[in-house]
Participant: 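This is the structure I have questions about; it appears just below.
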Amino acid sequence: RVGWWPQLHELVRDQADHIGRNPVLLDVQAGMLIAQGEFKEADKVIRTLLGMGGQEAYAGGRRAMLVMRRDQDFVGAQRMLTDVLQRGSGGQMFIRRLRAVAAASAGDIRVAREDVEFLKARGAPGSVAGIEARIRLAQGDYIGAESELARAGTLSAQDELLRARILEAR
């Protein structure tokens, strides 16, 4: 969420000696580096996470996030996430949420909808407003996209960027 960066930076700095052994902290660090646009460092952290074993789903998800953010390659990210799902590496909710975003951004409405329904069926209906907005945006329904985004309530930084893309597309 917006406003937590100072605390997150402090945690990462304070735990620097332990991050390399802790998959949760590595995952947080990878996400933070991607958000900051530090892609080379994020890639190193993702490789470390992948090398730990048992972290294939989260490493694959972070790699897909990197590809979406750095390269704007939503089709490639969707393909990567589909591969992670097919391998049965775990992290279904995380991977399905990311794949829905990638699919909607790539214009693959069918896959995005399938993943949204999967998330809703597993008790995560509140987490899909941004994805629904991306689907509507991909369909050219700008009013519907804004309406879906409004359902999210408090908007994250990503949601604010999505809102800007919706307004720009109008």
Side-chain angles (χ1 to χ4, degrees), residues 1-108 110-124 126-131 134-135 138 156-162 165:
R1 289 265 183 245
V2 177
W4 285 84
W5 283 110
Q7 293 91 338
L8 188 55
H9 282 286
E10 186 176 328
L11 172 67
V12 170
R13 187 183 66 243
D14 290 348
Q15 299 299 318
D17 294 339
H18 305 289
I19 287 177
R21 295 186 303 258
N22 186 316
V24 174
L25 292 177
L26 279 170
D27 183 51
V28 168
Q29 185 181 31
M32 183 180 76
L33 290 167
I34 292 167
Q36 293 174 316
E38 295 180 29
F39 303 129
K40 282 186 179 183
E41 286 302 312
D43 192 50
K44 288 179 192 175
V45 171
I46 292 166
R47 279 184 275 148
T48 301
L49 185 61
L50 186 59
M52 295 184 91
Q55 300 300 315
E56 295 84 10
Y58 292 97
R62 292 297 183 190
R63 176 137 352 261
M65 289 174 75
L66 177 66
V67 166
M68 285 190 276
R69 178 88 192 274
R70 180 188 62 203
D71 306 331
Q72 299 294 299
D73 182 4
F74 301 104
V75 172
Q78 180 184 343
R79 189 172 36 253
M80 292 168 71
L81 294 163
T82 298
D83 290 346
V84 170
L85 287 170
Q86 289 175 344
R87 283 193 301 271
S89 303
Q92 292 280 311
M93 299 290 281
F94 174 64
I95 298 300
R96 290 284 190 129
R97 187 174 290 111
L98 286 175
R99 189 175 73 164
V101 168
S105 299
D108 189 342
R110 182 190 59 78
V111 169
R113 283 255 176 252
E114 285 175 8
D115 288 340
V116 164
E117 293 308 315
F118 177 91
L119 294 167
K120 285 179 180 177
R122 279 144 188 89
S127 69
V128 299
I131 299 166
R134 282 177 174 79
I135 291 170
S156 68
Q158 285 182 325
D159 293 335
E160 292 292 354
L161 289 172
L162 177 56
R165 279 193 296 258

Participant: If you compare all heavy atoms of Ala104 against all heavy atoms of Ile131, which two are closest, and at what distance to 0.1 Å?
Facilitator: CB-O, 4.4 Å
Participant: Measure across Leu162 and Gly130 and return the closest heavy-atom pair with its distance rounded to 0.1 Å.
Facilitator: CD2-O, 3.5 Å
Participant: Kindly write out the residues that satisfy side-chain contact (heavy atoms from CB on, under 4.5 Å) with Gln55, not counting sequence neighbours, or none if the list is empty.
Facilitator: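 Gln55 satisfies side-chain contact (heavy atoms from CB on, under 4.5 Å) with Pro23, Leu49, Met52, Tyr58 once adjacent residues are dropped.
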Participant: Quick one, Arg165 with Arg134, criterion side chain to side chain contact (heavy atoms under 4.5 Å, CB included). Give me CA distance, side-chain angles, the key distance, then yes/no.
Facilitator: CA-CA 10 Å; Arg165 279 193 296 258; Arg134 282 177 174 79; 3.7 Å; yes
Participant: Are Leu33 and Ile46 close enough, and set up right, to give a side chain to side chain contact (heavy atoms under 4.5 Å, CB included), and what steps lead you there?
Facilitator: CA-CA 10 Å; Leu33 290 167; Ile46 292 166; over 6 Å; no
Participant: Quick check on Glu38: does its CD atom have over 12 non-hydrogen neighbours (other residues, nucleotides or ligands) under 6.0 Å away?
Facilitator: yes
Participant: Which atom names give the shortest non-hydrogen contact between Val75 and Ala106, and what distance separates them?
Facilitator: CG2-CB, 3.8 Å
Participant: Between Arg110 and Glu114, does any side-chain N to carboxylate O distance fall below 4.0 Å?
Facilitator: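 A salt bridge links Arg110 with Glu114.
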Participant: Within this structure, what is the CG-CE distance for the pair Leu98 and Met80, rounded to the nearest 0.5 Å?
Facilitator: 10.5 Å
Participant: Is a side-chain N or O of Gln72 found less than 3.5 angstrom from the main chain of Arg69, in a donor-acceptor match?
Facilitator: yes
Participant: If you look at every heavy atom in Ala103 and Ala112, which pair is closest and at what distance?
Facilitator: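 In this case the closest contact between Ala103 and Ala112 is CB-N, 3.7 Å.
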Participant: May I have all residue pairs that pass side-chain hydrogen bond (donor to acceptor under 3.5 Å, both in side chains) and include part of residues 89-101, sequence neighbours excluded?
Facilitator: Thr82-Arg99, Arg96-Asp115, Arg97-Ser127, Arg99-Asp115
Participant: A side-chain contact here means heavy atoms from C-beta on lying under 4.5 Å apart; do Asp43 and Arg63 qualify?
Facilitator: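 They are in side-chain contact.
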Participant: Output, in order, the C-alpha distance, side-chain angles, deciding distance and verdict of side chain to side chain contact (heavy atoms under 4.5 Å, CB included) for Leu26 and Val28.
Facilitator: CA-CA 5 Å; Leu26 279 170; Val28 168; over 6 Å; no
Participant: So, for Ile95 and Ala57, which heavy atoms are closest and what is the spacing to 0.1 Å?
Facilitator: CD1-O, 3.2 Å
Participant: Would you check if Met68 and Gln78 make a side-chain contact, meaning some heavy-atom pair closer than 4.5 Å?
Facilitator: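 A side-chain contact under 4.5 Å is absent here.
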Participant: What are the two closest heavy atoms between Val24 and Asn22, and how far apart are they?
Facilitator: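 Result for this residue pair: N-OD1, 2.9 Å.
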